[in-house]
Amino acid sequence: MVKDLFESLLKARPIFKNKEVMRPAYIPDILPHRDTEIRHLAAILVAALRGETPSNVLIYGKTGTGKTAVVKYVGKELENKGVELGKPTRHIYLNCEIVDTQYRVLQNIANHFITEWSDRVPFTGWPTDEVYAKLKQMMDSEGGVTVITLDEIDKLKGDEVLYNLTRINSDLKRAKVSVLGISNDLKFTEFLDPRVKSSLGEENMIFPPYDADQLRDILNQRAKMAFREDVTDEGVIARCAALAAQEHGDARRALDLLRVAAEIAERDKAKEITEKHVKLAQNKIELDRVTEVTSSLPMQSKLVLFSIIVGEDLSRAAGQKMGLTTGEVFDIYKELCKKTGADVLTQRRIADLISELDMLGIITARVISKGRYGRTREIQMSAQPDKIREVLGNDELLSAIRDFRPRIQSRLGGSF
DNA sequence: CTTCCACAGGAAGGTCTGGCGG
DNA sequence: CCGCCAGACCTTCCTGTGGAAG
């Protein structure tokens, strides 16, 4: 009976007392092991409170090293202090993975200054310089200092925005702007316009990865807030910390592991989180990632991915252990298109789709040379082909060819 | 040593969609 | 409705290239 079902669930002591603090977006009041970075950033931005323009800053660091957390934290403190001192100071945070073009960046910033819905800059439609002009006008009528944070700045398409934003001060009469870029790619400035490069990198900060001990402190801090007492022990925390430390000291990863482990434990009605739960969590996270990425792939990419799976089965059957080449994948892809009635794209395009799949970490494709027999990519599934096959099978178009095996095998037969 | 394969991957341009003001 | 805009998605055409074979 349903009633009993819920009763038993209620009776089990939950692991969590506050789940919110384990979520990636949560920013705690204290950021362990980031004092130096916080102070450094504050020392740069304090100029805003004196009504001056702070230097532009570039922050580097791998994922999960606290860049975003530190910037948001300092940004908020800055705004608070600004209010206190009567110095209008504003911090605008944009993530360039979502807001990734010149137009959208300007549009987003402009809309921070606009309160009336009807005056907002539309998603699209205006010429870019008009948005830019509007932005300058809005900024000048408001005055004050604005710090614009561009997170994942390396995802931005083109450096025109950066050029414009770093130069905007000379067009402003009352307002002042400084730009704070966050990147996890150290070499990001390499391809920038030298003028942008120098003005953006007036100050540089590098966030080192956390080591296992520091991750442990972070996890302990959150665990204290998130869990009831006596549901974790040092062993579990240390395990999560160690696993994440292996992966370039990613705190987000560590927190994810611990959170998912706790969720599994709770569902298990376990009294406490054990290392077994951590292990399960590790698998679940990877599986979820693959499933999520695969199912949200566009149609053509799914076809390409399916081609790679089919190709791998085929070459395994032929007793070959090498990866597939771009040409082989393309051959299979063409056959699959015929079966499904999908449009056949060019090989050039397919090569790009293969690169995209590689970047998503769902396949590995590295460029190799086979000497006389050309230069190509060696393509392999990186994990979970069965799971991916299953996910792809859920797709309407692909379900028709779920168990497809090509009739003739052109190149895989034995030419190399 | 040179040749030459089977692509990699850059550049430029085309087509389509969705949203805008007028 | 139109003309215009940005952006996603593709194509066409292209030059460049690591290294086994000759």
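Every chain is numbered from 1, with letters handed out A, B, ... down the list of sequences. This one's a predicted model, so the numbers in the text were calculated from it and none came from an experiment.
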(request) Rounded off to whole Å, could you give me the CZ-to-C1' distance for the A:Arg366 and B:dC7 pair? (result) 16 Å

(request) Find the distance A:Asp331:CG to B:dA6:P and express it as a whole number of Å. (result) 12 Å

(request) Find the distance A:Tyr103:OH to C:dG7:C1' and express it as a whole number of Å. (result) 12 Å

(message) Strictly below 4.0 Å, N to O, side chains only: are A:Lys72 and A:Asp151 in salt-bridge contact?
(response) no

(message) Measure NZ/A:Lys134 against C1'/B:dC20 and give the value in whole Å, please.
(response) 14 Å

(request) Ignoring backbone atoms, test whether A:Thr346 places a side-chain nitrogen or oxygen under 4.0 Å from the OP1 or OP2 oxygen of C:dT11. (result) yes

(request) Answer yes or no: are there more than 12 heavy-atom neighbours, outside A:Lys62 itself, under 6.0 Å from its atom NZ? (result) no

(request) Kindly state each residue pair satisfying ring pair (Phe, Tyr, Trp, His ring centres under 6.0 Å) with at least one member in residues 206-227 of chain A, sequence neighbours excluded. (result) A:Phe16-A:Phe227

(message) Rounded to whole Å, how long is the line connecting atom CE of A:Met299 with atom P of C:dC9?
(response) 14 Å

(request) Measure the distance from CG on A:Leu345 to P on C:dT12 and round it to the nearest whole Å. (result) 11 Å

(request) For A:Val329, report the nucleic acid contact type (base, sugar-phosphate, nothing); a contact means any heavy atom under 4.0 Å. (result) nothing

(request) Quickly work out the A:Ile379 CD1 to B:dA6 C1' distance and round it to whole Å. (result) 12 Å

(request) Look at A:Thr325 and B:dC7 and indicate whether a side-chain polar atom (N or O) is within less than 4.0 Å of OP1 or OP2. (result) yes

(request) List the protein contact pattern of nucleotides 9-17 of chain B with one symbol per nucleotide (5' to 3'): B for base contact, S for sugar-phosphate-only contact, - for none; contact means a heavy-atom distance under 4.0 Å. (result) BB-------

(request) Find out whether the Lys NZ or Arg CZ of A:Arg34 is both under 6.0 angstrom from the six-membered ring centre of A:Tyr73 and within 45° of the ring's axis. (result) no

(message) Looking at A:Arg253 and A:Asp256, is there a salt bridge between them, counting it only when a charged N and a carboxylate O are closer than 4.0 Å?
(response) no

(request) Before accepting this row, confirm whether a basic side-chain N of the pair A:Glu263/A:Lys19 lies closer than 4.0 Å to the acidic partner's carboxylate O. (result) yes

(message) Check whether A:Gln384 reaches the backbone of A:Val290 with its side chain - one donor and one acceptor, N or O, closer than 3.5 Å.
(response) no

(message) From the set C:dC10, C:dA8, B:dC7, return the single nucleotide nearest to any side-chain atom of A:Arg104.
(response) C:dA8

(request) Could you tell me the separation between the CD1 atom of A:Ile368 and the P atom of B:dA8, rounded to a whole number of Å? (result) 11 Å

Distances for protein N or O near nucleotides 20-22 of chain C N or O, under 3.5 Å:
from   : atom 1 : to       : atom 2 : distance (Å)
C:dA20 : N3     : A:Arg372 : N      : 3.4

(request) For the residue pair A:Leu353 and A:Arg349, establish whether any side-chain heavy-atom pair is separated by less than 4.5 Å. (result) yes

(request) Using a strict 4.0 Å threshold on nitrogen-to-oxygen distance, state whether A:Lys334 and A:Asp331 make a salt bridge. (result) yes

